[in-house]
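Worth knowing before you read on, the calculation uses all heavy atoms, side chains too, and leaves out hydrogens, waters and symmetry mates.
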Amino acid sequence: MEPAGPGQHESPPEPSHDEPHLPAPTLWPLGFAIGIVVVLVGLVVNPEIVSPIGGAIAIVFGFLWARAATAELRGHAVVVEPERRELRETEAGEVGAALGEEAGAPPARGERFPRSRFLEGATLGLGGLIGGIVTLPVAGFAVLPPFLGQRRHEVDLGPISDFPEGSWFIATFLTDPAEGEVSRRTAFVRNNGVFNNQPSFTIISNRCAHLGCPVQANGPTGAILGKKTITEHTKNGVVKLEPVVPAGFGCPCHGGQYDTEGNRTAGPPVRALDRYAFEIRNGRLILLGTYSVSHVDGTGAQARIHKYKLAGPGEHVDGPEQWLYPLNPPHQ
Ligand code: FES
């Protein structure tokens, strides 16, 4: 082009026509993000059902996203909007001639796999790899521990001859002597006698069904009754059995009240007190794991216990409210 002469104004720079040829916008990243959100929400709401659904959504959309992003690298045509440029009159002749010359000419070497595509794929791949390396150990440390090392603790409370029929005892014991006093628990135990040729015991946990405070027996205990506390040395260490005559059980924290079957009678607790499963082994009373109870119909050996998997304090175990609580990791 000739330089502008004196008195002539330089024309403004012409717009460049070599913008990068960007891929068409796609919804796959949005679907991938939605899948990740569903996974995270599912970890709180329902890790067994919602999270896998979110994971499936993320995997499907992530695959589609990666496939679209690497389509050109893999030799597939990418459908994009046609490039159109206004053809100015002064250039029309030159461009037409150029197009005529180049028509049918093979693409220049390297155009099929442009460097920008390679860098884009490499960035996505490396980013995903680094993200996985960073995220997976953190997620593992955060999520896995509650699911590991869970084991049922059995507690030997001593011979069943220590429990006269119809009498209540406050039993204190260690669920795991290796852990020491932090594993000390309390249960209210009553021998209901024999029913259908099988010994029956009512064994109620003292963990309040509101927020977990230690529930107390509403009634006189050992010294007032003139009865001695029984001490047993078992493989779980020292077990103490203190006689009590409860009219019910009460919580000192917020006034929750329960009857002698553990049913809630007043206050904020949302269900009955938890109970211990048990078995009689070689004439000894063995406590197994605990389970939760919505309510109990009847009393003693003839009670019908509405039993559920162990839930946390304050959680409904029945009715529509039960769906408002996240699933608990397994625990005994
Ligand atoms: S913790 Fe027992 S009533 Fe609140």
Side-chain angles (χ1 to χ4, degrees), residues 20-80 112-153 175-176 178-180 182-183 207 211-212 274 289-292 308-317 321-332:
H21 200 165
L22 297 174
T26 165
L27 289 177
W28 305 142
L30 181 62
F32 179 74
I34 290 174
I36 296 296
V37 169
V38 173
V39 169
L40 296 176
V41 171
L43 288 177
V44 177
V45 175
N46 191 330
E48 293 180 356
I49 297 176
V50 178
S51 286
I53 292 174
I57 294 173
I59 289 171
V60 169
F61 280 91
F63 171 75
L64 293 173
W65 184 15
R67 197 179 67 156
T70 59
E72 202 164 321
L73 281 178
R74 291 179 289 106
H76 294 282
V78 177
V79 179
V80 297
R112 194 174 166 201
F113 302 108
R115 189 170 53 179
S116 62
R117 286 285 173 208
F118 169 76
L119 290 175
E120 184 180 347
T123 304
L124 281 175
L126 279 176
L129 182 66
I130 294 171
I133 291 173
V134 171
T135 306
L136 286 180
V138 175
F141 282 122
V143 175
L144 284 182
F147 295 88
L148 302 177
Q150 297 286 342
R151 56 197 170 94
R152 192 175 75 175
H153 296 288
T175 56
D176 187 349
E179 292 181 1
V182 295
S183 71
R207 185 182 71 158
L211 294 179
D274 297 337
T290 45
Y291 60 90
S292 288
Y308 293 84
K309 198 169 71 173
L310 185 63
E315 292 186 12
H316 290 262
V317 291
E321 297 97 332
Q322 67 181 295
W323 299 106
L324 300 177
Y325 300 90
L327 292 183
N328 291 315
H331 57 286
Q332 299 291 329

Requested in this report: Give a yes or no on whether the backbone of H153 and the side-chain of T175 come within a donor-acceptor separation of less than 3.5 Å.
Outcome: no
Query - Over 12 foreign heavy atoms within 6.0 Å of CG, L40 - result: yes
Query raised in the report: Taking all atoms of both residues into account, what is the closest heavy-atom pair of P313 and G212, and its distance?
Result: CB-N, 3.6 Å
Report task. Report the distance from atom CG of L119 to atom CG of L124, rounding to the nearest 0.5 Å. Result -> 11.0 Å
Query raised in the report: Going from CG on L27 to CG on L64, what distance comes out if it is rounded to the nearest 0.5 angstrom?
Result: 11.0 Å
Report task. Measure the spacing between CD1 of I57 and CZ of F32 and express it to the nearest 0.5 Å. Result -> 12.0 Å
Query raised in the report: Excluding sequence neighbours, so at least two apart, what forms ring pair (Phe, Tyr, Trp, His ring centres under 6.0 Å) with Y308?
Result: none
Requested in this report: Spell out, as yes or no, whether a donor-acceptor pair under 3.5 Å connects the side chain of S51 to the backbone of V39.
Outcome: yes
Requested in this report: Could you pull out the closest heavy-atom pair between D274 and L310, with the gap in Å?
Outcome: OD2-CD1, 3.6 Å
Report task. With rounding to the nearest 0.5 Å, note down the distance linking CD in E315 to CD in Q322. Result -> 10.5 Å
Report task. For A311 and S292, work out which heavy atoms get closest and say how close. Result -> N-OG, 2.9 Å
